Each structure stands twice: as structure tokens, then as C-alpha cells.
J.: 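Sharing a structure here in C-alpha cells format.
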2 protein chains.
Amino acid sequence: MLICCMTFDRKNSAGYVVNLMARLFARHLEAGIRPLGLGTGVFPALLMLWEKDGVTQRDLVDALEIEQPTMANTLSRMERDGLITRRRDETDGRVQRIWLTDKARALETKATGAANAVNAKALAGLSPGQQKQFMDLMRRVVATLDHSR
Amino acid sequence: MLICCMTFDRKNSAGYVVNLMARLFARHLEAGIRPLGLGTGVFPALLMLWEKDGVTQRDLVDALEIEQPTMANTLSRMERDGLITRRRDETDGRVQRIWLTDKARALETKATGAANAVNAKALAGLSPGQQKQFMDLMRRVVATLDHSR
DNA sequence: AAGCATTGCATAGCATACTATGCAATAATA
DNA sequence: TATTATTGCATAGTATGCTATGCAATGCTT
């Protein structure tokens with residue numbers, strides 16, 4: 001049934017639903033990792049660093065598609081909170097290399113567990129095939145937006 | 001091919017991809033509506049108000065699933081920028097009713113056009129059937145997260 | 001009616017994200 | 001080698017979003 005002058009149905013707008021979904025994911029993840037002293041913003045950087053630390057800020061910016069000042073700010077908070085140390089590169093005076101503290105290393109299992117739990121909870125209403133479809137569709141949308149300007 | 005100790009593959013994590021996708025959507029929408037003097041944060045409120053103004057802050061908070069202090073802050077910016085006026089309800093001294101200015105009304109066509117353009121661009125790589133699937137899957141995930149915890 | 005609970009909104013404080021800009025170190029070029 | 005361009009990072013300023021909290025107006029209970 002059509003309503004007369006409705007020009008924009010937000011619940012049928014991809015952008016609106018994507019934003020809402022992202023905020024809901026963030027709220028749930030926040031609740032899961034707050035007991036660990038972590039916030040959602042540090043999570044992507046930690047994922048990279050758990051895999052391999054000693055990388056540069058630039059490496060994180062490129063891999064995570066986060067703007068450089070955002071990453072600088074996030075790393076400052078992580079340093080303040082004792083999750084990383086920054087040491088200047090020996091051969092290039094511009095570069096800061098990022099190293100995890102033992103404290104940050106010790107959080108990996110619990111933190112990724114919390115993230116896995118949120119993902120599982122969020123996708124619980126979808127069949128395994130639909131979950132794969134959902135991920136695939138999202139990755140294609142991301143690729144489209146990444147390469148369009 | 002499996003890599004030895006990788007415990008968390010972010011590009012296969014729903015939460016990570018959702019967050020990235022939402023930031024990309026926001027960047028594109030921001031670029032589209034900035035020439036109108038709008039930001040992404042005011043957009044959901046404007047969508048509601050274009051449909052019907054004279055509603056309360058509480059109405060917006062409930063419909064948009066945005067926390068009340070966030071909405072109060074957003075409405076303050078909108079008032080500062082001449083998009084809305086707030087008038088106290090005549091029968092209930094607690095309530096502020098929100099009214100659009102002519103300036104805000106005049107932006108509806110261009111702003112929703114920009115949002116439609118972003119949505120179209122984002123979904124351009126999907127078939128019409130896949131677009132419907134994508135929206136349906138997202139709405140189901142939103143519903144799941146809405147009703148859990 | 002008095003006292004308590006609820007509701008609607010504002011404020012404080014912070015995290016996360018952006019653009020614009022500056023600066024120092026290095027690289028490239030003339 | 002001197003100049004210019006590029007690169008890596010930091011800072012400033014702002015928007016968007018959250019939790020915690022306070023307060024005034026209203027509603028409820030006795």
C-alpha cells in the first residue's frame with residue numbers, strides 16, 4: 001500500500017539500515033569487551049597487531065581504511081592505556097613502530113571470543129548459507145564503495 | 001589455504017565488515033550532502049521531520065533507535081544551524097516539540113536525492129534480486145540485535 | 001494533599017571518526 | 001649539492017555517538 005507523499009522510506013534505504021546495524025553491532029561488542037578495558041575503536045588495530053606487531057601507523061591506516069589522524073588518536077589512547085608502545089624506527093626518523101605490551105597480548109583470546117560471540121548472536125537468525133550470502137553481499141558493497149568516488 | 005595461528009580473520013568477521021561498510025556509506029553521503037550544509041547525523045532526524053514535524057524528542061529517539069542524549073545534542077546543532085525550532089508543549093511542560101524551518105523544508109528534495117544516489121551507487125554491483133536479499137538479510141540481523149539483550 | 005515514582009530533556013565527559021593543516025624527515029630532482 | 005617534492009605523523013577543530021547523571025514537570029499512591 002502506497003502512502004501519498006512519502007519520498008523516502010528509511011527502512012528501505014540501504015544507508016539508513018547499514019548505519020543502524022553498525023551501531024547495534026558496536027553496542028553489543030562494546031558491552032562484551034568493556035570488562036576487558038577495551039572499546040570498539042581499538043579493536044581493528046588490535047586485530048592487526050595480534051597478528052603481527054612492529055608495524056607502522058601507515059600500515060594500520062592502509063589495511064584498516066581508517067584515516068590517519070583517527071589512527072594516530074586511537075594509538076595515543078592505546079598507549080595511554082598501556083596496550084602499546086611506540087618506538088622510532090632506526091633507519092627512518094619519520095616512522096613510529098607499534099609494539100604490543102604483554103597486557104595487550106594477554107587480552108587476545110577473551111577479546112576475539114567476545115567478537116565471535118557478537119557475530120554469532122547477530123547472525124543467529126540466518127541459515128549457514130544465508131550467513132555466507134550476507135558476508136558476500138557486504139564485501140561486494142564494500143568493494144563498490146571503495147572503488148567509487 | 002590456512003595460515004597457522006590466525007585466530008581472527010577480520011574480513012570474515014561480520015562486525016568488522018559492517019563497521020567498514022557503514023563508514024564508507026557515511027563518507028559518501030557526507031560528500032553528497034555537505035554542499036547543502038548538512039551532516040550525516042542530522043539526516044535520520046530530518047527524514048522523520050520531513051514526514052511529519054511537531055513531534056517530540058522522545059518520538060525521534062524511539063523511532064530512530066538513537067540514545068536520548070545523542071538526539072538532544074543533534075537537535076541542538078540543528079537549532080543552531082537554523083534547521084529546526086523547539087517550542088514547549090502547551091499541555092505538558094516537560095515536552096519540547098520540534099518544528100522544521102522553511103530552510104530545512106527546502107532541502108528535502110536535494111538531500112533525499114543525494115541519499116538515493118549513494119544507495120544506488122553502493123548497490124550497483126548487485127542484481128535487483130540480490131539488492132532485495134541484501135536489504136532483507138540486514139533487516140533480519142537488525143531485528144535479531146534489537147531483540148537480544 | 002503529601003510523598004514517591006516516572007517521564008522528558010539537558011549536561012558532562014568521553015570515544016570514535018572525519019577534514020584541514022603543520023612539520024620534520026626522507027627522497028627525488030635540477 | 002641545493003632545492004623541491006613526498007612521506008609519516010601530530011595537532012586542531014568538529015560531528016556523531018555513547019553512558020552516567022541531574023532536574024523539573026507530571027503522574028501515581030496512599
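Chain naming here is simple, since letters A, B, ... match the order of the sequence lines and numbering starts at 1 in each. Remember, it's a predicted structure, so these values are computed and weren't measured experimentally.
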J.: Whole angstroms only, please: what is the CD1-C1' distance between Ile33(A) and dT19(D)?
T.: 15 Å
J.: Categorize Arg34(B) for me: base, sugar-phosphate, or nothing, with a 4.0 angstrom heavy-atom threshold over every strand shown.
T.: sugar-phosphate
J.: May I ask you to verify if any side-chain N or O of Arg80(B) is less than 4.0 angstrom from the OP1 or OP2 atom of dA15(D)?
T.: yes
J.: What's Thr40(A) touching, base or sugar-phosphate or nothing? Going by heavy atoms closer than 4.0 Å.
T.: sugar-phosphate
J.: Which nucleotide in the list dT11(D), dT19(D), dT26(C) gets nearest to the side chain of Glu67(B)?
T.: dT19(D)
J.: Taking Leu83(B)'s backbone N and O only, do any of them form a donor-acceptor pair with Thr101(B)'s side chain (distance below 3.5 Å, no angle check)?
T.: yes
J.: Please report, rounded to the nearest Å, how far the P atom of dC18(C) is from the CD atom of Glu30(B).
T.: 11 Å
J.: At 4.0 Å (heavy atoms only), tell me whether Thr56(B) reaches a base, stays on the sugar-phosphate, or touches nothing.
T.: sugar-phosphate
J.: Within this structure, what is the CZ-to-P distance between Phe25(B) and dA17(C), rounded to whole angstrom?
T.: 17 Å
J.: Considering only side-chain heavy atoms of Pro69(A), which listed nucleotide, dA17(C), dA25(D), dA10(D), is closest?
T.: dA10(D)
J.: When you check the phosphate oxygens OP1 and OP2 of dC18(C), does a side-chain N or O of Arg27(B) lie under 4.0 Å from one of them?
T.: yes
J.: Could you check whether Arg105(A) pairs with Asp53(A) (Lys NZ or Arg NE/NH1/NH2 to Asp/Glu carboxylate O, under 4.0 Å)?
T.: yes
J.: Rounded to whole angstrom units, what separation is found between the CG atom of Leu24(A) and the P atom of dG17(D)?
T.: 12 Å
J.: Relative to the 5' end of DNA chain D, which residue comes earlier, Arg88(B) or Pro44(B), by the nucleotide with the nearest heavy atom?
T.: Pro44(B)
J.: Nearest to the side chain of Arg86(B), which nucleotide is it out of dA20(C), dA10(C), dA25(C)?
T.: dA10(C)
J.: With side chains defined as the heavy atoms from C-beta onward, is the minimum distance between Met21(B) and Met138(A) less than 4.5 Å?
T.: yes
J.: What integer distance in Å separates Leu29(B):CG from dA17(C):P?
T.: 17 Å
J.: Quiz question: by atom type and distance under 3.5 Å, do the side chains of Asn19(B) and Arg23(A) form a donor-acceptor pair?
T.: no
J.: OP1, OP2 of dC18(C) versus side-chain N and O of Arg23(B): anything below 4.0 Å?
T.: yes
J.: If only side-chain N and O atoms of Asn19(B) are considered, is one of them under 4.0 Å from the OP1 or OP2 phosphate oxygen of dA17(C)?
T.: yes
J.: For DNA chain C, whose closest nucleotide is more 5', that of Asn73(A) or that of Arg94(A)?
T.: Asn73(A)
J.: Checking the side chain of Asp136(B) only, and the main-chain atoms of Lys132(B) only, is there a donor and an acceptor separated by less than 3.5 Å?
T.: no
J.: Between P on dA17(C) and CG on Leu60(A), what's the gap in Å once rounded to a whole number?
T.: 13 Å
J.: When you get a sec, tell me which of dA20(D), dG8(D), dA10(D) is the closest nucleotide to the side chain of Gln96(A)?
T.: dA10(D)
J.: Taking only the side-chain heavy atoms of Gln68(A) (C-beta and beyond), determine which of dC9(D), dA17(C), dC18(C) contains the nearest atom.
T.: dC9(D)
J.: Taking 4.0 angstrom as the limit, do Lys103(A) and Asp81(A) come out as a salt bridge?
T.: no
J.: What is the distance from CD1 of Ile66(A) to C1' of dT19(C), rounded to the nearest Å?
T.: 16 Å
J.: Whole angstrom is fine here: how far is it from CG in Leu64(B) over to P in dG17(D)?
T.: 10 Å
J.: Ignoring the backbone of Gln57(A), work out which of dT19(C), dC9(D), dC9(C) is nearest its side chain.
T.: dC9(D)
